[in-house]
Amino acid sequence: MTWLDLAEDSPFGLDNLPYGVFSRGGEPARRVGVAVGEHVLDLPAAAEEAAAPFAGLLGSGVLNPLLAAGPATWREVRAQVREWLTEPRYADQIGAHLVPLAEITNHLPFEVADYVDFYSSEQHAINAGRILGGEDARLPRNWKSVPIGYHGRAGTVVVSGTPVVRPSGQRWWDRAAGPSFGPSERLDVEAEVGFVVGTGSAMGTPVPVGDFAEHVFGVCLVNDWSARDLQIWESQPLGPFLGKSFATSVSPWIVPLDALEHARVPQPPQDPEPFAYLRGAEPWGLDLALEVRLNGHLVASPPFATQYWTAAQQLAHLTVNGASLRTGDLYASGTVTGPERHQRGSLLELSWGGREPFELAGGETRTFLEDGDEVVISASAPGSGGRRIGFGDVRGRVVPH
Ligand code: MN
């Protein structure tokens, strides 16, 4: 029930209430907001007017102070926002602070501290191994023991809609030729899910797998843009560097972990059994249905529930050596790829290394991205009463070097 005019099938229903940062018209001020239906609630304005105890966390134009406040405060704010949006007595007071989504500009919702990217889809790891190493390539020997990841570049995490300039660098693709320098000719996307850390941790103290929800505030979508011809040449023997660091796009709305209660599922069976620090009693598989569109054409529907390692295991792993967490840390799942052909979350896989161009509706084909191409990743998850929770899109267009 709500006094709002809210469509039953809205991706931003009352079970969702994702957080973002917006500005209005040409105004420079950035405001923390909560998306609901076709609107965003100007949260600092509402909190100030209602003299809410958490109003002081909302005035900085980024989510970080709210993230740092911890799970008890996150729940308090969420419950209060729900009450404002459902109790008719608040309709006038709160209604005055609803801004149409069509009138806003989204900004990066939080100041990114560290950025880590994992590699946790078994099918993606198998495909990448075969494409780059030959058809009989196997999973790396460590893959089912270690949730593989690398540290990326926090400063180039950008909000959805930010154009992506085709990166230049040292390229190597054709095995018969040597390296060359110039704009990437193998520019790719990776459809991923990102986890936003709220509560930090002390250096030297690992975060147990069971403490995931004490630290992680919410979930967004990530496009880990990847220049394959740079990546493959430079990643010998270390991990991704300039092939990834030029841009990472995130969706503008952070879906609170509490909104994903109905999306939780057991993860796929793990064999061999992981080390004890990676074993948790609670299921943290998430049944998110991703969709990847290239110039408006649906090219892939990756299922997040197939991920081998969960976000709770990834968090335990990235702190098990004593590395600390900071408010605003972002870690991404790795490319989400399912077992079926239409479930591949990268163009590397969709075109099988560029050897099998895939079709967009209308007869056009692609291997990797061309200048002007726009990629949009979207997702939804089960909510209550058969409804779906929607994620904001992460979109980006390639502009020439
Ligand atoms: Mn990635």
Side-chain angles (χ1 to χ4, degrees), residues 1-25 27 29-63 65-67 69 71-107 109-110 160 196 198 217-220 251-263 378-393:
M1 291 297 289
T2 176
W3 50 264
L4 275 168
D5 184 14
L6 191 58
E8 179 71 4
D9 61 351
S10 171
F12 296 146
L14 291 168
D15 290 341
N16 191 350
L17 301 178
Y19 293 83
V21 167
F22 70 99
S23 60
R24 197 175 178 174
E27 292 171 14
R30 296 187 178 193
R31 321 274 302 168
V32 169
V34 172
V36 58
E38 300 288 316
H39 291 85
V40 56
L41 175 64
D42 182 333
L43 197 55
E48 200 173 311
E49 184 168 334
F54 49 78
L57 300 172
L58 303 171
S60 64
V62 285
L63 292 175
L66 175 62
L67 301 183
T73 304
W74 307 339
R75 275 181 216 120
E76 181 193 348
V77 176
R78 183 168 166 78
Q80 182 63 78
V81 169
R82 275 185 77 112
E83 189 184 329
W84 285 338
L85 295 172
T86 49
E87 296 286 338
R89 67 179 185 278
Y90 293 114
D92 289 344
Q93 188 187 13
I94 295 300
H97 300 300
L98 289 171
V99 182
L101 284 173
E103 292 178 12
I104 68 162
T105 301
N106 280 106
H107 300 281
F110 60 103
S160 173
V196 179
F217 172 80
V219 184
C220 62
S251 55
W253 301 106
I254 311 301
V255 174
L257 215 51
D258 280 351
L260 296 171
E261 187 191 337
H262 296 273
S378 57
S380 68
S384 66
R387 290 184 289 270
R388 302 285 296 176
I389 301 274
F391 285 69
D393 296 346

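One is the number of the first residue; the rest follow in order along the sequence.
Residue Pro256 comes nearest to Asn16 through the heavy atom pair CD-O, 3.7 Å, listed as atom of the first residue, atom of the second, then distance. The two atoms that bring Pro100 and Ile104 nearest to each other are O-CG2, 3.7 Å, heavy atoms only. In this structure, Phe12 and Ala35 approach most closely via the heavy-atom pair CD1-CB, 3.9 Å. Shortest non-hydrogen contact noted between Ala259 and Asp15 is CB-O, 3.3 Å. A pairwise comparison of heavy atoms in Ala47 and Leu58 identifies CB-CD1, 3.8 Å as the closest pair. Minimum interatomic distance between Ile254 and Pro109 (heavy atoms only, all atoms of both residues): CD1-CG, 3.9 Å.
Applying the side-chain contact (heavy atoms from CB on, under 4.5 Å) rule to Ala263 yields the partners Leu260, Leu286, Leu288, Ala381, Pro382; only residues at least two apart in sequence or on another chain are considered. A search for ring pair (Phe, Tyr, Trp, His ring centres under 6.0 Å) contacts involving Phe217 returns Tyr19, Trp74, not counting sequence neighbours.
Two residues are said to be in side-chain contact when any heavy atoms from C-beta on lie closer than 4.5 Å; Leu98 and Leu4 meet this criterion. Looking at heavy atoms from C-beta onward, His97 lies out of side-chain contact with His39 at the 4.5 angstrom threshold. Side-chain contact between Val77 and Leu43: present, with at least one pair of heavy atoms (C-beta onward) separated by less than 4.5 Å. Counting only heavy atoms from C-beta outward, the side chains of Leu85 and Leu17 approach each other to under 4.5 Å.
Put simply, CZ on Phe22 and NE2 on His107 are 9.5 Å apart, with the number rounded to the nearest 0.5 Å. To the nearest 0.5 Å, atom CZ of residue Arg387 and atom OG of residue Ser10 are 10.5 Å apart. To the nearest 0.5 Å, atoms CG (Leu67) and CG (Leu57) are separated by 10.0 Å.
Using a distance-only test at 3.5 Å, with no hydrogens or angles considered, a donor-acceptor pair links the side chain of Arg82 to the main chain of Leu14. Side-chain atoms of Trp3 come within 3.5 Å of backbone atoms of Trp84 as a donor-acceptor pair (strictly under, hydrogens ignored). Panel note: side chain Asp42, backbone Val99; no donor-acceptor pair is recorded below 3.5 Å. In this structure, Ser251 contributes its side chain and Cys220 its backbone to no donor-acceptor pair below 3.5 Å.
Gln80 CD: more than 12 foreign heavy atoms inside a 6.0 Å radius. Residue Glu87 places its CD atom among more than 12 non-hydrogen atoms of other residues, nucleotides or ligands, all under 6.0 Å distant.
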| request: Start with the C-alpha distance between Trp253 and Asn106, add both sets of side-chain angles, then the distance that settles side-chain contact (heavy atoms from CB on, under 4.5 Å), and finish with yes or no. | output: CA-CA 9 Å; Trp253 301 106; Asn106 280 106; 3.5 Å; yes
| message | Please evaluate residues Arg24 and Arg31 with respect to the criterion side-chain contact (heavy atoms from CB on, under 4.5 Å), reporting the C-alpha separation (whole Å), side-chain torsions for both, the decisive distance (0.1 Å), and the verdict. | response | CA-CA 9 Å; Arg24 197 175 178 174; Arg31 321 274 302 168; over 6 Å; no
